[in-house]
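Predicted model, so just to flag it, every value in this text is computed and none were measured.
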Amino acid sequence: MPLRFHNTLTQQTQVFEPLEGNLVRMYTCGPTVYDFAHIGNFRTFVFYDILRRWLRLSGYKLDHVMNITDVDDKIIRNATALGQSLGQYTDTYTKAFLDDCATLRLERPERLARATEHIPQMAAAIKKLEDTGYTYRSDGSIYFRIAKFPEYGKLSHNDFSGIVSGARVDVDEYEKNDARDFALWKAPKPGEFNWDTEVGTGRPGWHIECSVMAVQYLGATLDLHAGGVDLVFPHHENEIAQSEALTGKQFARYWMHSEFLLVDGQKMSKSLGNFYTLRDLFGKGFTPESVRYLLASVPYRKGLNFTFDGLTSSKTAIERLRNFKHRLDTAKLAPGLGEAIQSLAVASLKQFRDAMDDDLNTAEALGAVFEFLREANTALDAGTFLEDNRAAALELLNLFDAVFEILVPAEQAGAIPAEEVESLIAARTAAKKARDFAKSDAIRNELLEKGVILEDTKEGVRWKRK
RNA sequence: GGCGCGGUAGCCAAGUGGUAAGGCCAGGGUCUGCAAAACCCUUAUUCGUGGGUUCGAUUCCCACCCGCGCCUCCA
């Protein structure tokens with residue numbers, strides 16, 4: 001089945017094909033580094049990661065740019081309050097963001113682009129828009145005149161034709177000609193962080209950075225542009241207006257937007273006390289893998305209701321997958337090929353691929369894995385899962401983990417070393433053999449307290465960390 | 001009000017014009033010195049409400065109710 005994505009621009013799910021061969025030029029909206037990113041942000045960043053991985057696994061090469069917005073009102077406010085330079089302030093949160101991404105095993109885009117490192121390019125773009133009549137100045141700021149861009153609204157499917165009537169409004173009386181016009185360049189404020197450029201002193205508006213950096217690194221027409229739904233309007237709509245006014249070419253061919261994450265059915269907000277960063281969750285004992293799994297398991301276009309029950313349930317599901325992987329890796333199997341389980345493996349692999357091809361339907365892809373897992377366990381118990389079945393089963397599981405990447409546990413600081421665990425297990429086994437159950441149970445409890453769970457199986461003792 | 005997304009078992013959630021994937025929880029079982037862990041089994045005559053189209057709708061159409069998002073730089 002061909003790879004298909006839902007395109008916000010056309011409001012349809014359509015076959016994805018890049019403009020040029022197997023190279024995908026993509027741009028995703030990254031964080032504004034004014035604070036720690038929260039799990040709602042990471043829902044979107046995990047979506048980018050799944051998208052990247054599936055494109056790669058589908059045989060595409062990626063040229064992916066993500067911006068780091070390191071100048072905006074909140075950053076300026078906070079940095080000023082702390083008496084820090086912009087760079088000092090944003091470095092802290094940029095680093096925290098990148099650390100969090102690594103913890104969640106998010107692939108790094110081919111390029112991260114910081115807004116403050118592209119100020120001259122933004123000024124040049126604004127200059128060009130001025131020269132071509134797309135802008136006007138007002139009180140030292142430069143605005144984009146959306147009346148000059150008839151297609152404005154095509155992404156968010158809003159009809160602005162009734163609102164766009166700039167001529168009525170007196171420029172001297174109003175900051176903007178039209179309520180929908182947006183700032184390309186903001187007038188300098190005394191005591192704040194400003195840049196001297198060819199269009200004057202001040203600082204860039206929010207939207208221009210994405211247009212400029214995307215076009216600079218990826219060319220006038222992107223294959224794919226993604227972000228959270230809340231960015232559809234105005235951010236992405238404005239990006240389109242600027243970019244297409246600038247280049248005269250279609251800006252992005254496919255627009256993908258991830259839905260919101262809710263907490264207990266409500267929007268996350270500081271006042272409700274349901275506002276979580278990754279640090280908060282790890283502090284409560286949840287693992288990065290559980291967070292990653294939960295955020296990845298609900299298809300990106302569906303609102304995701306985040307709950308602690310959900311995290312706990314993810315942890316259990318991950319355990320089951322890891323147990324199965326371990327069993328596949330270590331089981332002693334009779335030679336031969338079990339026909340039934342083999343055809344199920346092939347079918348499950350196809351189902352997994354088809355589901356991912358269908359606009360990244362991760363929920364159905366997971367369903368395929370678990371269904372196979374159950375049948376394979378039954379076959380393993382029954383002895384109808386044979387040596388030559390191992391490869392296809394591992395292929396499915398490896399493909400699954402190439403997307404979800406949760407099978408290998410993260411290292412935990414302060415954990416009991418493996419050698420120590422092994423020697424305690426040896427002592428327990430000896431005690432059991434001598435039928436000294438008091439001693440063997442004591443060792444078992446000691447290990448449990450240190451976070452190690454023992455599993456007595458026919459093949460011997462297996463252990464894992466809690 | 002406009003635009004968009006969604007309402008499927010206790011919770012999370014997939015899906016199709018032909019009679020409901022999967023995960024978690026719960027209950028039952030296998031295994032075990034006892035446990036744990038692991039594994040298996042069971043769990044929606046029903047898909048927000050009311051109409052309509054159809055031989056047949058959760059799936060198509062209409063209306064309504066409810067939740068969420070955007071409509072001033074929130075992923």
Side-chain angles (χ1 to χ4, degrees), chain A residues 8 11 28-32 34 37-48 69 71-75 153 156-160 162-163 176 179-180 182-183 186 205-207 209 226-235 237-238 257-262 265-269 293-294 297-307 309-321 323-324 326-327 351 355 358 361-375 377-378 380-382 432 435-437 440-441 444-445 448 453-458 461-464 466:
Chain A
T8 308
Q11 297 181 293
T28 57
C29 284
T32 301
Y34 72 98
H38 55 69
I39 51 169
N41 299 320
F42 281 111
R43 200 282 232 253
T44 296
F45 298 132
V46 168
F47 152 59
Y48 298 162
T69 299
V71 52
D72 90 322
D73 290 343
K74 273 180 284 210
I75 290 173
S156 56
H157 305 99
N158 280 315
D159 180 8
F160 294 109
I163 305 164
K176 292 192 279 186
R180 304 287 166 168
F182 57 91
K186 296 185 174 186
W206 175 35
H207 317 292
E209 65 175 91
V229 269
D230 54 325
L231 296 184
V232 173
F233 190 89
H235 184 54
E237 198 73 73
N238 292 350
H257 293 97
S258 56
E259 266 297 334
F260 249 66
L261 173 141
L262 301 177
Q266 290 186 296
K267 182 171 177 173
M268 194 165 38
S269 76
Y293 181 95
L294 179 61
S297 62
V298 177
Y300 76 94
R301 286 209 305 127
K302 181 141 181 172
L304 191 164
N305 190 21
F306 177 90
T307 62
D309 279 353
L311 273 185
T312 305
S313 122
S314 294
K315 177 186 161 60
T316 312
I318 291 168
E319 274 310 307
R320 208 161 145 229
L321 290 159
N323 290 332
F324 181 57
H326 181 263
R327 199 172 182 190
Q351 192 190 347
D358 185 12
N361 189 340
T362 49
E364 193 183 338
L366 278 176
V369 172
F370 277 103
E371 199 164 341
F372 176 74
L373 179 153
R374 191 188 62 238
E375 293 300 330
N377 269 323
T378 301
L380 282 159
D381 289 342
K432 271 182 76 171
R435 302 194 68 78
D436 183 354
F437 295 122
S440 70
D441 288 354
R444 184 169 70 193
N445 288 333
L448 188 60
I453 296 171
L454 298 188
E455 187 180 322
D456 290 333
T457 72
K458 287 182 181 122
V461 182
R462 178 194 168 203
W463 66 275
K464 61 184 182 183
K466 212 169 177 176

Separation between the C1' atoms of B:A9 and B:G23, rounded to whole Å
13 Å
Which part of the nucleic acid, if any, lies within contact of A:L231, taking any heavy atom under 4.0 Å across all strands shown: a base, the sugar-phosphate backbone alone, or nothing?
sugar-phosphate
Should B:C60 form a Watson-Crick or G-U wobble pair with both distances under 3.5 Å, which nucleotide is its partner?
B:G52
Could you work out the separation of B:A21 and B:G15 based on their P atoms and round it to a whole Å?
13 Å
Hunt down the Watson-Crick or G-U wobble partner of B:U72, both distances under 3.5 Å, from any strand shown, or write none.
none
Expressed in whole Å, how much space separates the C1' atoms belonging to B:U16 and B:U59?
6 Å
Pair partner, B:U19 [Watson-Crick or wobble, under 3.5 Å]
none
Among the candidates B:C39, B:A14, B:G33, find the nucleotide nearest to the side-chain atoms of A:D441.
B:G33
Do A:L321 and A:F370 touch side chain to side chain, with heavy atoms closer than 4.5 Å?
yes
Which nucleotide wins on minimum distance to the side chain of A:L262, given the candidates B:A75, B:C68, B:G22?
B:C68
Which of B:G33, B:A75, B:A38 is nearest the side chain of A:K464? It is B:A38
Using atom C1' in both nucleotides, what's the gap between B:U45 and B:C62 to the nearest angstrom?
27 Å
Using Watson-Crick or G-U wobble geometry with both distances under 3.5 Å, which nucleotide pairs with B:G6?
B:C66
Would you indicate which nucleotide in B:A75, B:A21, B:G23 comes nearest to any side-chain atom of A:L261?
B:A75
As a test of reading the structure: which of B:G23, B:A36, B:A75 is closest to the side chain of A:F370, going by heavy atoms?
B:G23
Quick one: label A:N361 by what it contacts on the DNA or RNA (base, sugar-phosphate, nothing), any heavy atom closer than 4.0 Å.
sugar-phosphate
Quantified in whole Å, what is the P atom distance between nucleotide B:G27 and nucleotide B:G33?
25 Å
B:C12 and B:A44: how far apart are their C1' atoms, nearest whole angstrom?
15 Å
In chain order, what residues pass the side chain to side chain contact (heavy atoms under 4.5 Å, CB included) check against A:P31, with sequence neighbours excluded?
A:V33, A:F45, A:M66, A:I68, A:F97
Sequence neighbours excluded, the answer for side-chain hydrogen bond (donor to acceptor under 3.5 Å, both in side chains) partners of A:H235 is A:H207, A:E239
Which residues pass the side-chain hydrogen bond (donor to acceptor under 3.5 Å, both in side chains) test with A:D73, not counting sequence neighbours?
A:R203
Nearest to the side chain of A:R444, heavy atoms from C-beta on, is which of B:A14, B:A35, B:A75?
B:A35
Ring-base stacking, A:F437 with B:G33 (5.5 Å, 30° cut-offs):
yes
Of A:L294, A:L261, A:L262, the one forming a side chain to side chain contact (heavy atoms under 4.5 Å, CB included) with A:R43 is A:L261
So what does A:N323 touch, heavy atoms closer than 4.0 Å: a base, only the sugar-phosphate, or nothing?
sugar-phosphate
Those residues at least two apart in sequence (or on a different chain) that pass ring-ring contact (aromatic ring centres under 6.0 Å, His included) with A:F233 are A:F160
What's the gap between B:A38 and B:C74 when it is taken at their C1' atoms, as a whole Å value?
45 Å
Taking B:G22, B:C40, B:A75 as options, the one with an atom nearest any side-chain atom of A:F260 is B:A75
Residue A:R320, side-chain heavy atoms: nucleotide from B:C39, B:C68, B:A75 that is nearest:
B:C39
Can you check nucleotides 5-12 of chain B for protein contacts, nitrogen or oxygen pairs under 3.5 Å, and list what you find?
| unit_1 | atom_1 | unit_2 | atom_2 | d |
| --- | --- | --- | --- | --- |
| B:C12 | OP1 | A:N305 | ND2 | 3.4 |

Please check: side-chain N/O of A:D358 versus main-chain N/O of A:N361, any donor-acceptor pairing under 3.5 Å?
no
Using the test side-chain hydrogen bond (donor to acceptor under 3.5 Å, both in side chains), find all partners of A:Y48 that sit at least two apart in sequence or belong to another chain.
none
Take atom C1' in B:G7 and the same atom in B:U49, then report the distance between them in whole Å.
11 Å
Across the strands shown, which category fits A:T457 at heavy-atom distances under 4.0 angstrom: base, sugar-phosphate, nothing?
nothing
Watson-Crick or G-U wobble partner of B:A26, both distances under 3.5 Å:
B:U42
